[in-house]
A.B. asks: 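Structure below; questions to follow.
The structure presented is a predicted model; accordingly, all values stated were derived computationally and were not measured. Values below: every heavy atom of this structure, side chains too, minus hydrogens, waters and symmetry copies.
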Amino acid sequence: MDRGSEPDPSYGRVPLAVVVVDGDGLVSHWSRGARRLFGVPKERAIGRPALDLLPVSGALPDDRASGDGHGSAAVHDGPGPGLESSLGGHLSYPAAGRARLPGAGTGRIDVLWWAYPLVGPGRERLLVLAADAGALLPDRPGDAPPPERVAPGFARHTDLPRADELARRLPEILPSMSVGESAGIVAQVLELGYPVLDFSQQERVPVTPDWGVPRRAERRARRERAARARAAGRPLPADPDDEAEDLEYAAVRERLEFLNEVSGRIGTSLDLTETIGEVSRAVVPRFTDVAGTYLREQVVAGEGFPDGVPDTTTMWHRVALEHTDEPGRWDDVVPVGEAMPFPAHTPFFQCMTTGEPVLVPRITEEMGHAIASQFEKRDIRPLITGRSMLVVPLKARQVVLGFMILLRHPERPVFNDMDRVTGAELAARAGLVLDNARIYTHQENVAETLQDSMLPHIPARMAGCDIATRYLPGTLLGRIGGDWFDAVKLPGARTALVVGDVMGHGLNSAAMMGQLRTAVQTMAALDLPPARLLRNLDDLAQRLGDSYLATCLYAVYDPIAGELGLANAGHIPPVLVRAADGRSELLDLPTGAPIGVGGVPFETVRVPVACGDRLVMCTDGLVEVRGEDIGAGLATLCESAAHPAASMDDACDTIVRALNTGGDRKDDVALLMARLGGIAPEDVAEWRLARDPAEVPRARAAVREQLHAWGLAALADTAELLVGELVTNAVRHARARPVGLRLVRGDTLLCEVDDDDSELPSLRGAGPGDEYGRGLRVVSTLAREWGASRGGVGKTVWCELTLPRR
């Protein structure tokens with residue numbers, strides 16, 4: 001082509017042969033492209049055996065290996081069955097391949113072919129498409145195809161990448177694919193530019209020809225020729241083949257446009273319910289008048305992939321019903337949400353067990369009665385009898401997830417074979433979209449279950465404080481995050497309050513959150529100071545991996561001392577609402593670095609609190625608002641936390657309403673509020689005891705006297721016995737300092753004994769002759785709870801008794 005000249009419109013176009021074969025193997029349609037490709041006119045082809053016109057029998061010639069390309073038999077070189085088996089056998093699945101057929105002269109034609117089975121009431125059983133591969137691939141890279149091998153157009157091609165490289169990489173994307181499958185698929189895609197829609201375990205690869213642009217080009221060329229002829233005063237006679245191909249093109253184009261439109265309308269969401277609605281609305285009313293969608297129980301529940309072939313016991317949930325009838329007509333008879341099995345005699349059972357579409361041109365009275373028999377006390381016959389029905393399977397990875405029942409009004413044309421193919425393609429695309437939504441829903445359910453199992457169930461009342469919590473999953477970046485809260489019971493009637501936020505979302509964040517929360521609980525039980533606990537948690541996170549980062553706020557409330565001890569690891573500060581005047585303030589704490597950074601010190605800050613003060617701790621997802629500074633969110637938090645409320649739950653709801661921005665909130669939220677009630681001094685009694693066994697009777701007498709004064713005489717005998725055992729052990733093991741004894745009357749009766757020995761006691765068995773080893777066994781049997789922890793100097797052993805009901 002000369003530089004600057006207009007490009008030849010025929011460049012890159014090749015003829016496409018269209019042949020239809022009936023059930024007896026005879027040709028019933030022979031297109032102009034077939035006449036061009038095989039050199040046989042239409043009048044000689046119609047009614048003749050296809051095997052006579054497409055000579056493909058025989059074995060692979062021995063001279064193929066030498067590359068001379070001469071021989072009398074066809075050479076099959078496709079990824080699936082040969083063309084001979086497709087023409088002579090009963091093909092039940094689309095196939096494609098490559099064959100070298102004898103040409104009109106002494107040479108051979110290198111043919112790429114596709115075979116599609118046709119199922120329906122007519123005699124046509126096979127659609128064969130073929131193209132000359134030689135016209136698709138130039139003799140030398142960069143050369144234009146020889147002019148004599150280019151015809152006005154059916155297919156286009158472009159410069160192609162290396163097939164061997166793509167074939168090698170394809171199994172890395174689809175691990176279940178064999179190397180042979182990969183090579184066959186890549187060869188078809190690169191040589192013809194047609195997308196591979198699906199492939200089966202039998203390595204049969206169907207592809208969809210690119211009908212649109214080439215056919216439009218041919219029609220445009222015809223119109224131009226007709227216009228030139230009319231201008232010259234010699235109109236062209238009508239060509240029946242042109243008219244037939246125009247009708248064929250219009251039908252195919254309509255179906256392709258519909259499928260493209262549907263594909264663009266479904267799959268916009270990973271929400272299973274929304275996806276089901278999209279699929280139903282996409283086909284009504286353009287393709288059908290009624291669309292009912294049924295899914296297997298495991299799919300609806302968001303569980304794993306359904307196992308096994310469905311049977312008569314499989315429960316199918318009606319998840320959607322879209323129709324053009326008057327409103328409410330279907331609601332009472334076939335309500336959405338109903339679950340039911342289907343008998344073996346129904347077309348629905350046939351569809352779900354074979355995985356193939358089932359076409360019923362008209363539902364007869366007899367079939368309508370058979371279908372209606374499974375609906376107890378509901379007559380569905382007026383809704384279905386006389387209508388055309390198409391049942392299409394919703395499949396993914398060769399497993400039936402569900403099916404769609406499509407019905408047309410009696411006055412509308414019945415479903416035909418082309419509708420069957422269109423419906424099957426529609427269902428295939430919908431099945432993949434539903435499977436994606438199912439997988440997402442399943443993963444989300446797993447993560448939510450994991451996270452819910454890790455979030456604690458905190459009692460509303462702990463020693464000296466009332467607690468309320470809220471957890472809100474994220475709405476934009478994923479419902480699963482790493483936010484958590486906790487409250488841990490500590491010795492001395494104290495409570496540890498924790499809020500943390502693992503950076504990131506998803507299962508990994510939820511799993512890390514579980515590890516950190518467990519570690520915090522363990523270290524809190526050891527009664528570590530807040531700064532020490534965060535230091536140990538930081539060391540643990542670094543040992544778990546470099547990607548472990550989290551913020552954490554740890555507070556210890558001492559209701560007897562009226563004090564909070566807090567340490568911060570990169571978390572937003574808490575809010576303290578003063579009961580005296582209702583003012584709220586952000587506590588000024590050292591920010592610290594997130595857990596996992598390493599090498600950054602933490603500091604404990606002590607804040608005096610009064611009875612009735614409220615502490616509000618939350619994660620940043622609550623105060624971060626898109627497009628606003630976090631300071632605005634913190635100011636709103638302070639304002640809403642100070643708002644009067646009738647209860648702790650109401651106070652939490654007030655904060656959530658003020659700060660929760662609905663769909664704009666991207667992160668999950670953890671919120672913990674504690675009303676610090678304190679323990680009055682008159683509910684605490686303390687004694688210091690010398691390291692002398694004679695102090696044990698004195699301790700017992702003091703406890704009995706105090707319990708009588710508190711009106712707890714019913715606990716005196718048990719408390720006296722337990723205190724005697726604990727004081728005896730402390731006196732025996734104390735080194736230099738006096739032994740401490742304390743009683744605290746709160747929600748329970750707490751008895752504490754401390755000494756300067758750091759070795760923690762443990763339960764052990766005692767034989768008949770052993771003098772020691774029974775004291776803690778008695779304590780463990782009689783006490784509601786007991787425990788021991790190390791302090792700054794020595795240890796504390798404690799036990800609790802349940803207060804008698806008043």
Side-chain angles (χ1 to χ4, degrees), residues 458-467 487-497 524-527 556-565 609 611 674-689 695-696 698-731 738-755 760-761 763 775-776 778-792 794-806:
I458 299 175
R461 175 71 182 175
M462 299 188 74
C465 63
D466 299 316
I467 298 176
V488 184
K489 184 178 182 178
L490 300 179
R494 294 170 301 148
T495 302
L497 305 170
L526 297 176
D527 202 11
V556 174
Y557 173 53
D558 188 338
I560 298 175
E563 183 181 74
L564 279 172
V609 293
C611 180
R675 182 165 55 198
L676 312 177
I679 296 178
E682 56 268 23
D683 290 327
V684 180
E686 295 185 86
W687 299 271
R688 304 304 294 175
L689 306 173
E695 291 284 87
V696 176
R698 174 174 168 255
R700 291 173 178 166
V703 167
R704 175 174 291 274
E705 180 181 355
Q706 184 63 57
L707 292 183
H708 278 276
W710 281 343
L712 300 176
L715 296 179
D717 292 341
T718 303
E720 184 180 347
L721 176 59
L722 298 181
V723 167
E725 294 294 338
L726 296 182
V727 171
T728 298
N729 286 340
V731 168
V739 173
L741 170 62
R742 182 165 71 170
L743 292 183
V744 180
R745 181 179 63 173
D747 297 330
T748 62
L749 178 64
L750 173 65
C751 306
E752 291 183 324
V753 176
D754 63 79
D755 60 68
L760 298 180
L763 286 174
L776 284 182
V778 172
V779 173
S780 177
T781 302
L782 297 180
R784 172 184 172 177
E785 287 185 70
W786 78 278
S789 63
R790 291 188 177 91
K795 66 177 181 296
T796 299
V797 183
W798 58 269
C799 65
E800 286 185 356
L801 292 174
T802 302
L803 297 180
R805 294 182 179 178
R806 297 180 180 178

A.B. asks: Of all heavy-atom pairs between D747 and M462, which one has the smallest distance, and what is that distance?
C.D. replies: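 In this case the closest contact between D747 and M462 is OD2-O, 3.7 Å.
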A.B. asks: Would you name the heavy atoms of Q706 and A685 that are closest together and state the gap between them?
C.D. replies: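 Heavy atoms only, the tightest pair is OE1-CB, 3.7 Å.
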A.B. asks: Tell me, do D717 and R704 make a side-chain contact under 4.5 Å, heavy atoms counted?
C.D. replies: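 In short, these two side chains touch, coming nearer than 4.5 Å.
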A.B. asks: Identify the two heavy atoms, one from T495 and one from A463, that lie closest to each other, and give their separation to 0.1 Å.
C.D. replies: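 In terms of heavy atoms, the two residues are closest at OG1-O, 3.8 Å.
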A.B. asks: At what distance, to the nearest 0.5 angstrom, does CG of L750 lie from CD of E785?
C.D. replies: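 Rounded to the nearest 0.5 Å, the CG-CD separation comes out at 10.5 Å.
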A.B. asks: Using 0.5 Å steps for rounding, measure from the CG atom of L749 to the SG atom of C799.
C.D. replies: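 That separation rounds to 8.0 Å.
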A.B. asks: In plain terms, say whether D527 and R494 are close enough for a salt bridge, that is, a side-chain N and a carboxylate O under 4.0 Å apart.
C.D. replies: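 Yes, this pair counts.
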A.B. asks: Using modelled atom types and a 3.5 Å cut-off, is there a donor and acceptor pairing between side-chain atoms of T728 and backbone atoms of G724?
C.D. replies: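 Side chain of T728 to backbone of G724, a donor-acceptor pair under 3.5 Å: yes, one is there.
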A.B. asks: Verify side chain to side chain contact (heavy atoms under 4.5 Å, CB included) between R790 and L526, making sure each step is shown before the conclusion.
C.D. replies: CA-CA 7 Å; R790 291 188 177 91; L526 297 176; 5.7 Å; no
A.B. asks: Once rounded to the nearest 0.5 Å, what's the spacing between atom OG of S789 and atom CD of E752?
C.D. replies: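 The OG atom of S789 sits 8.0 Å away from the CD atom of E752.
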A.B. asks: Between K795 and D755, does at least one N-O distance fall below 4.0 Å, as a salt bridge requires?
C.D. replies: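 Salt bridge between K795 and D755, a charged N being under 4.0 Å from a carboxylate O: yes.
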A.B. asks: Could you give the distance from CG (L564) to CG (L497), rounded to the nearest 0.5 Å?
C.D. replies: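 Between atom CG of L564 and atom CG of L497 there are 7.5 Å.
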A.B. asks: Just wondering, are more than 12 heavy atoms of other shown residues or ligands nearer than 6.0 Å to CD in E705?
C.D. replies: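 Atom CD in E705 is not packed in, count stays at 12 or less.
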A.B. asks: Between L722 and A783, which heavy-atom pair has the shortest distance, and what is it?
C.D. replies: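 Closest approach of L722 to A783, heavy atoms only: CD1-CB, 4.2 Å.
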A.B. asks: Report the C-alpha distance between V609 and Y557 in whole Å, list the side-chain angles of each, state the deciding distance to 0.1 Å, and finish with yes or no for side chain to side chain contact (heavy atoms under 4.5 Å, CB included).
C.D. replies: CA-CA 9 Å; V609 293; Y557 173 53; 3.8 Å; yes
A.B. asks: Can you measure from OG1 (T748) to CG (L801) and round to the nearest 0.5 angstrom?
C.D. replies: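 CG of L801 is found 8.0 Å from OG1 of T748.
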A.B. asks: Does the side chain of V556 reach to within under 4.5 Å of the side chain of L490, using non-hydrogen atoms?
C.D. replies: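 Yes. Closest side-chain heavy atoms under 4.5 Å.
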A.B. asks: Are L743 and W687 close enough that some pair of their side-chain heavy atoms sits under 4.5 Å apart?
C.D. replies: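 Yes, their side chains come closer than 4.5 Å.
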A.B. asks: R784: which residues meet the salt bridge (charged side-chain N to carboxylate O under 4.0 Å, His left out) condition with it, sequence neighbours left out?
C.D. replies: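 R784: no salt bridge (charged side-chain N to carboxylate O under 4.0 Å, His left out) contacts found.
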A.B. asks: Please assess L782 against L721 for the test side chain to side chain contact (heavy atoms under 4.5 Å, CB included), listing each intermediate value before the final yes or no.
C.D. replies: CA-CA 9 Å; L782 297 180; L721 176 59; 3.5 Å; yes
A.B. asks: Between E725 and G775, which heavy-atom pair has the shortest distance, and what is it?
C.D. replies: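 So the minimum-distance heavy-atom pair works out to OE1-CA, 3.2 Å.
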A.B. asks: Roughly how far, to the nearest 0.5 Å, is the CD atom of E695 from the CG atom of L689?
C.D. replies: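 The distance works out to 5.0 Å.
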A.B. asks: Looking only at heavy atoms, which two atoms of A699 and V723 are closest? And how far apart?
C.D. replies: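 Heavy-atom minimum between the residues: CB-CG1, 4.3 Å.
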A.B. asks: May I have the step-by-step check of side chain to side chain contact (heavy atoms under 4.5 Å, CB included) for V753 and N729, ending in yes or no?
C.D. replies: CA-CA 10 Å; V753 176; N729 286 340; over 6 Å; no
